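Below: one structure, written as structure tokens.
Just so you know, residue 1 is the first one in the sequence shown, and it goes up from there. Everything numeric here is computed off the predicted structure, so don't read it as measured data.
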Amino acid sequence: MAIEELIDRYEAGGGQLAAANADGLAVPPALHTVVLTCMDSRIDVFALFGLKLGEVHVLRNAGGVVTEDVIRSLTISQRKLQTRDVLLVQHSGCGLGTFTDDDFSEELAHEVGMRPPWRTHAFRDPAISVRRDLAQLRHDPFLLPGTRVRGFVLDIERFVLDEVHLPDAPERAAAS
């Protein structure tokens, strides 16, 4: 039923509103930035950062974690659409903290007869997850040299951002 609700909203004027909002906007995002965050429906990226349509690329997945597909999207965004910065935002109370990769894989294997070929990237502590993802992004060979990467944990109850830093690691941009 939810899909029908969305189609009804589209037909009631959503498509026309979206077209009007996008009119005149360039394809490359104006702030040359990509925001990677969780798919949690409580996170309104545009409100959180005071954004307007056309200013950033927004990538979302379960947990807001760096995956092979995120690297693919970031690489395309940088090399074809002129983005240079990455803002990584994971959050407290994330559903990925409620299970482990192994547990979920075993549940699926029991239910469907095989393990998935992918990982969930589940984590207990979002700050540790952000730190690992920052390290991965700062060393990824496909991202442009000089890419600025910053990571945060959003307190989902207070909507306060806490920045996460890599210990004794220079910014990727400083290496350029």
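Residue-environment remark: CZ (R79) exceeds the threshold of 12 foreign heavy atoms within 6.0 Å. Within 6.0 Å of atom CD in E157, 12 or fewer heavy atoms from other residues, nucleotides or ligands are found, so the atom counts as exposed in its surroundings.
Taking CG of N21 as the reference point, atom NZ of K52 lies at 12.5 Å (rounded to 0.5 Å). Between R148 atom CZ and L137 atom CG the span is 14.0 Å, to the nearest 0.5 Å. Note that the CD1 atom of I156 and the CG atom of D40 stand 5.0 Å from one another [nearest 0.5 Å]. For the atom pair CD (E55) and CG (L53), the distance works out to 9.0 Å, reported to the nearest 0.5 Å. Distance check, rounded to the nearest 0.5 Å: CG of L31 to CZ of R84 gives 14.0 Å. D44 contributes atom CG, which lies 11.0 Å from atom CZ of F49 (distance to the nearest 0.5 angstrom).
By the criterion of side-chain heavy atoms lying less than 4.5 angstrom apart, applied directly or through intervening Ile, Leu, Val, Met, Phe, Trp or Tyr residues, F159 is grouped together with L87 in one hydrophobic cluster. In the hydrophobic cluster analysis, where Ile, Leu, Val, Met, Phe, Trp and Tyr join through side-chain heavy atoms closer than 4.5 angstrom, L144 is grouped apart from L81. F123 and V153 fall into different hydrophobic clusters, where Ile, Leu, Val, Met, Phe, Trp and Tyr side chains are chained together by heavy-atom contacts under 4.5 Å. If you chain together hydrophobic residues whose side chains sit under 4.5 Å apart, V58 and I43 fall into the same group. Side-chain heavy atoms closer than 4.5 Å link hydrophobic residues (I, L, V, M, F, W, Y) into clusters, and following such links, possibly through other members, connects I71 to L36.
R131 is listed as a side-chain neighbour of L166, based on a closest heavy-atom distance under 4.5 Å. Residues T100 and R124 form a side-chain contact, since some pair of their non-hydrogen atoms from C-beta on lies under 4.5 Å apart. The side-chain heavy atoms of V34 and V56, taken from C-beta on, include no pair separated by under 4.5 Å. Looking at heavy atoms from C-beta onward, N61 lies out of side-chain contact with M39 at the 4.5 angstrom threshold.
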Derivation and outcome, side-chain contact (heavy atoms from CB on, under 4.5 Å), residues L48 and L154:
CA-CA 10 Å; L48 186 64; L154 174 66; 4.2 Å; yes
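Closest approach of R60 to V45, counting heavy atoms only: NH1-CG2, 3.8 Å. Nearest heavy-atom pair across A122 and D101 is N-OD1, 3.4 Å. Considering all non-hydrogen atoms of both residues, Q90 and S129 come closest at OE1-OG, 2.8 Å. G63 approaches C94 most closely through the heavy-atom pair CA-SG, 3.8 Å. For the residue pair G93 and R42, the shortest heavy atom distance occurs at O-NH2, 4.2 Å.
Looking at R9 and E5, a side-chain N of the basic residue comes within less than 4.0 Å of a carboxylate O on the acidic one, giving a salt bridge.
Of the candidates L134, I128, D133, L134 is the only one forming a side-chain contact (heavy atoms from CB on, under 4.5 Å) with V130.
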